[in-house]
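Residue numbering restarts at 1 for every chain, and letters A, B, ... go by the order of the sequence lines.
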2 protein chains.
Amino acid sequence: MTTISVLLVDDHMVVRSGLKALLGTQPDFDVVAEAASGEEALELVEQHSPAVVVMDLAMGAGMDGIEAIRQLRQRNGRQAILVFTTYDSDADIVRAVDAGAMGYLLKDASPDEIFAAIRGAVQGKSVMSAPVASRLFQQLRNPDEVLTPREAELLSLLTEGLSNRELGQRLFISEATVKTHLAHIYAKLGVETRAAAIATAIRREGMR
Amino acid sequence: MTTISVLLVDDHMVVRSGLKALLGTQPDFDVVAEAASGEEALELVEQHSPAVVVMDLAMGAGMDGIEAIRQLRQRNGRQAILVFTTYDSDADIVRAVDAGAMGYLLKDASPDEIFAAIRGAVQGKSVMSAPVASRLFQQLRNPDEVLTPREAELLSLLTEGLSNRELGQRLFISEATVKTHLAHIYAKLGVETRAAAIATAIRREGMR
DNA sequence: AGCAGCATCAGCCAAAAGGCTGAGAGACCA
DNA sequence: TGGTCTCTCAGCCTTTTGGCTGATGCTGCT
């Protein structure tokens with residue numbers, strides 16, 4: 001049995017120490033370092049080149065988790081990166097996988113799930129929490145409901161409370177085009193008003 | 001120096017074990033039990049009557065933290081209740097204090113802050129994280145911006161994407177009254193459209 | 001070459017939302 | 001008793017939004 005070196009990245013002290021305590025109960029894990037931010041994570045990966053990086057996505061200030069994952073990947077490290085976060089928003093999942101994450105765990109996962117995910121990650125296996133998997137599955141089955149890049153961009157601005165006119169100005173398109181995009185967004189989200197679209201976007205798509 | 005018995009309430013295993021590890025470094029803390037839900041918390045308080053209850057607000061399913069606090073207070077326990085959560089939404093802060101919380105800590109608090117808050121709580125002192133305090137302060141300075149109960153109720157429904165007509169039906173009031181309330185809400189939140197009101201409500205007021 | 005998806009735009013119409021003024025009833029407090 | 005808050009409602013008018021139909025240019029795939 002080989003030892004798996006782990007780097008923990010989370011801006012919450014309690015979470016880091018909790019994870020460390022949990023992993024400490026297993027003989028094959030070795031937490032070699034802890035980072036409280038994306039920047040710090042990049043440094044510590046350089047220094048320790050851990051086998052696995054367990055990373056939160058929401059990181060108070062500065063670089064967020066997604067960006068950190070992306071940069072780690074660019075530096076062609078061979079670390080397996082495991083997302084460990086509170087929310088299972090569609091947008092986050094897609095972006096994380098896109099950035100190069102190996103797995104996606106939710107913070108309410110049981111210790112056994114966490115252990116299994118880390119062990120799987122070093123072997124190149126993707127492990128994800130059940131709700132995360134079901135969301136991905138859902139997207140595969142209903143590709144019609146996936147927003148186009150432009151639509152996502154518009155939806156993101158929509159959640160800031162802009163009017164159609166303002167949206168048009170911001171995106172350099174006519175109000176008519178804004179309305180067309182909105183109609184498509186509403187259909188895909190399964191809503192009928194912009195109010196409901198905003199609510200859905202912030203809650204389900206995680207556009208905060 | 002007396003020992004302070006503590007009950008931890010959080011639906012995330014990692015957070016509980018992190019908190020336990022942190023408190024374990026101090027000689028005067030004794031974590032006597034851990035609960036993963038509001039219901040469990042009530043039971044365990046009965047059994048152990050700890051001096052302090054450290055409680056998260058967002059608890060996956062079932063009873064949430066606020067309700068748990070309320071019920072603990074009704075059972076005239078003498079526990080000091082300390083909220084330990086991720087967000088500092090106005091609504092949550094007010095409701096928690098209202099329900100009987102002694103202090104309000106954010107999860108990015110440092111170990112020292114956490115220790116101090118718990119020690120303070122048993123002595124009847126209110127301790128809260130800086131961002132929390134500043135929000136309360138803000139409310140005291142601008143009482144004009146505090147929503148009335150009815151307005152808060154309406155805003156909450158608004159975030160579900162209902163139309164004025166639907167809001168009226170849901171609250172058994174006319175559409176005219178709905179519009180009046182909305183106008184007041186917009187003024188208090190500093191917005192001009194329902195879209196912006198929803199965005200503000202979900203993000204700032206924590207109405208998810 | 002042709003087709004599908006995406007992004008762009010127009011015009012028309014009905015419905016919804018928002019701004020404004022005014023007003024009555026009940027609660028609470030000085 | 002009088003003042004202040006809160007909640008309730010009405011009418012009027014403008015702006016915004018949403019539904020519908022149809023159309024163009026571009027890209028990428030087959």
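- Annotation: side chain to side chain contact (heavy atoms under 4.5 Å, CB included) contacts of Ser126(A) (sequence neighbours excluded): Met102(A).
- Atoms NE2 (His181(B)) and P (dT6(D)) sit 11 Å apart, rounded to a whole Å.
- Computed from coordinates, the Glu175(A) CD to dT16(D) P distance equals 8 Å when rounded to whole Å.
- Remark: Glu192(B) pairs with no residue by the salt bridge (Lys or Arg N to Asp or Glu O under 4.0 Å) rule, at least two apart or across chains.
- With sequence neighbours excluded, the residues that form a side chain to side chain contact (heavy atoms under 4.5 Å, CB included) with Thr180(B) are His184(B).
- Atom OH of Tyr186(A) and atom P of dG18(D) are 3 Å apart (whole Å).
- Nucleic acid contact class of Thr177(A) (heavy atoms, under 4.0 Å, all strands): base.
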Set out, line by line, the N/O atom pairs under 3.5 Å between protein and nucleotides 23-27 of chain D.
none

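- Summary of the strand contacts: Thr148(B) and Lys179(B) both lie near DNA chain D, and taking for each the nucleotide with the nearest heavy atom, the more 5' one is attributed to Thr148(B).
- Bending across the helix from dA1(C)-dT30(D) to dA30(C)-dT1(D), expressed as the angle between its end axes from five pairs apiece, amounts to 40° (10° rounding).
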Please output the side-chain donor-acceptor pairs of residues 163-171 of chain B that fall under 3.5 Å, not counting sequence neighbours, one pair per line with the distance.
{"from": "Ser163(B)", "atom 1": "OG", "to": "Glu166(B)", "atom 2": "N", "distance (Å)": "3.2"}
{"from": "Ser163(B)", "atom 1": "OG", "to": "Glu166(B)", "atom 2": "OE1", "distance (Å)": "3.3"}
{"from": "Asn164(B)", "atom 1": "OD1", "to": "Arg194(B)", "atom 2": "NH2", "distance (Å)": "2.1"}
{"from": "Glu166(B)", "atom 1": "OE1", "to": "Ser163(B)", "atom 2": "N", "distance (Å)": "2.8"}

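- Atom NE2 of His184(A) is separated from atom C1' of dG18(D) by 13 Å (rounded to the nearest Å).
- Between Phe84(A) and the options Asp56(A), Val9(A), Val15(A), a side-chain contact (heavy atoms from CB on, under 4.5 Å) holds for only Val15(A).
- One atom, CG of Leu182(B), and another, P of dC7(D), lie 13 Å apart when rounded to the nearest Å.
- Qualifying side chain to side chain contact (heavy atoms under 4.5 Å, CB included) partners for Ser49(B), counting only residues two or more places apart in sequence or in other chains: Gln79(B).
- Of all nucleotides in DNA chain C, those with any atom nearer than 4.0 Å to a heavy atom of chain A start and finish, going 5' to 3', at dC6(C) to dA10(C).
- Of all the residues in residues 163-172 of chain A, Ser163(A), Asn164(A), Arg165(A) reach under 4.0 Å from DNA chain D with at least one non-hydrogen atom.
- Checked against side chain to side chain contact (heavy atoms under 4.5 Å, CB included), Ala58(B) has no partners two or more places apart in sequence or in another chain.
- Applying the side chain to side chain donor-acceptor pair (under 3.5 Å) rule to Glu40(B) yields no partners; only residues at least two apart in sequence or on another chain are considered.
- The salt bridge (Lys or Arg N to Asp or Glu O under 4.0 Å) check on Arg73(B) picks up nothing, with sequence neighbours excluded.
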